[in-house]
Amino acid sequence: MAKITQKSDDAPEKKSDGLLNRAVKVLRVVSTFPHGVGLSELARLADVPKASCFRIITVLEAEGILFTDEDTKRTRISVGALSIVGGLLTQSGMLRAVRDILADLSTASGETTGFDVLQGEDIVVLMQNVGPSLIGQTLKQTPRTQPPWLTSTGKALLAHRDPDAVRELLAPRYPQENLHQLDLFIESLEPARVHGYAWLYGALERDAASVAAPVMIDGLPKYALWIGGPTYRITPDNARQLGQLAIEAAEKTARLLTASREAQGFAEPLLESGINGAI
């Protein structure tokens with residue numbers, strides 16, 4: 001079979017696609033700051049080089065989409081563009097930015113990724129991004145609830161709680177015939193806290209594994225990001241590497257949500273109404 005070669009004009013198109021992707025990331029981050037955001041912070045949160053970020057801002061300002069205050073040097077959505085992107089200046093705008101982080105995490109890990117929260121006694125999967133290697137697995141609906149002891153996000157979020165409090169929370173719902181295994185789960189929380197990520201193998205599904213890292217806001221684990229896939233791809237050999245990817249994505253998410261919360265004055269980075277209405 002003849003080898004298929006790319007056309008010579010593909011390169012400019014790919015370069016343009018990359019620039020467009022960066023511009024969208026910049027615009028989505030700016031849209032979560034109604035009062036504007038500085039260049040350095042914008043470049044960090046959008047994960048775009050500072051020089052490229054400046055060029056994107058310049059182009060979008062010329063198009064009347066962005067506006068930079070000469071005194072504060074903070075960039076925001078221009079008044080003229082609010083009719084186009086006004087819906088982004090809400091919690092849903094932050095969720096779109098989180099979706100970008102999940103997409104990048106899927107690309108880096110090659111696996112499906114997700115964004116969870118602990119509500120009462122349940123882990124709630126708020127959103128997920130299909131990985132490029134999704135084979136032989138059915139992607140479940142979101143939002144959905146799962147028992148904390150069967151998820152890596154449950155371990156990641158509960159690892160920062162007192163062990164007795166965790167036992168009191170989980171014992172009433174934990175399968176009574178296997179109640180002795182609850183102690184093993186609680187013992188596994190300390191390593192998860194120390195290493196910054198949790199790993200679970202064959203718990204929720206026999207052939208599935210996942211790693212997760214907490215999104216720390218004000219020193220507390222508010223949410224968690226996870227990487228999930230089959231056990232033959234997520235193994236003890238690469239769990240640490242995947243865990244580090246999850247940590248980096250969780251830290252980026254925490255910076256974004258914290259900065260946006262401070263800019264908009266929300267008590268919580270994502271309100272329940274915003275979450276439920278945007279998913």
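Computed from a predicted model, the values in this text were never measured in an experiment.
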Distance-only criterion, 3.5 Å: show the donor-acceptor pairs between side-chain atoms of residues 242-252 and protein atoms not counting sequence neighbours.
none

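Remark: Glu61 CD is packed, more than 12 non-hydrogen atoms of other residues, nucleotides or ligands lying under 6.0 Å away.
Pairs of residues two or more places apart, or lying in two chains, that qualify as side chain to side chain donor-acceptor pair (under 3.5 Å) and include a residue from residues 37-47 are Ser40-Lys50. The ring pair (Phe, Tyr, Trp, His ring centres under 6.0 Å) pairs that include a residue from residues 153-190 are Trp149-Tyr174, where partners are two or more places apart or lie in different chains.
In the hydrophobic clustering of ILVMFWY residues, with side-chain heavy atoms under 4.5 Å counting as a link, Trp226 and Leu200 come out apart.
With Arg144 as the partner, the side chain to side chain contact (heavy atoms under 4.5 Å, CB included) test is satisfied by one option alone out of Val124, Val125, Leu126: Val125.
Remark: Glu168 engages no residue in a salt bridge (charged side-chain N to carboxylate O under 4.0 Å, His left out) (not counting sequence neighbours). The salt bridge (charged side-chain N to carboxylate O under 4.0 Å, His left out) search around Arg167 returns Asp164, Asp183, not counting sequence neighbours. Residues passing the salt bridge (charged side-chain N to carboxylate O under 4.0 Å, His left out) test with Arg161: none are found, sequence neighbours excluded.
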### Message
I'd like to know whether Trp199 forms a ring-ring contact (aromatic ring centres under 6.0 Å, His included) with Tyr201, so could you lay out the CA-CA distance, the side-chain angles of the two residues, the decisive distance to 0.1 Å, and finally the verdict.
### Response
CA-CA 7 Å; Trp199 176 59; Tyr201 187 92; 5.6 Å; yes
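Using modelled atom types and a 3.5 Å distance limit, the side chains of Ser106 and Asn129 yield a donor-acceptor pair. Counting only N and O atoms by type, the side chains of Thr58 and Arg55 include no donor and acceptor under 3.5 Å apart.
Counting heavy atoms from C-beta on, the side chains of Arg22 and Pro49 come closer than 4.5 Å.
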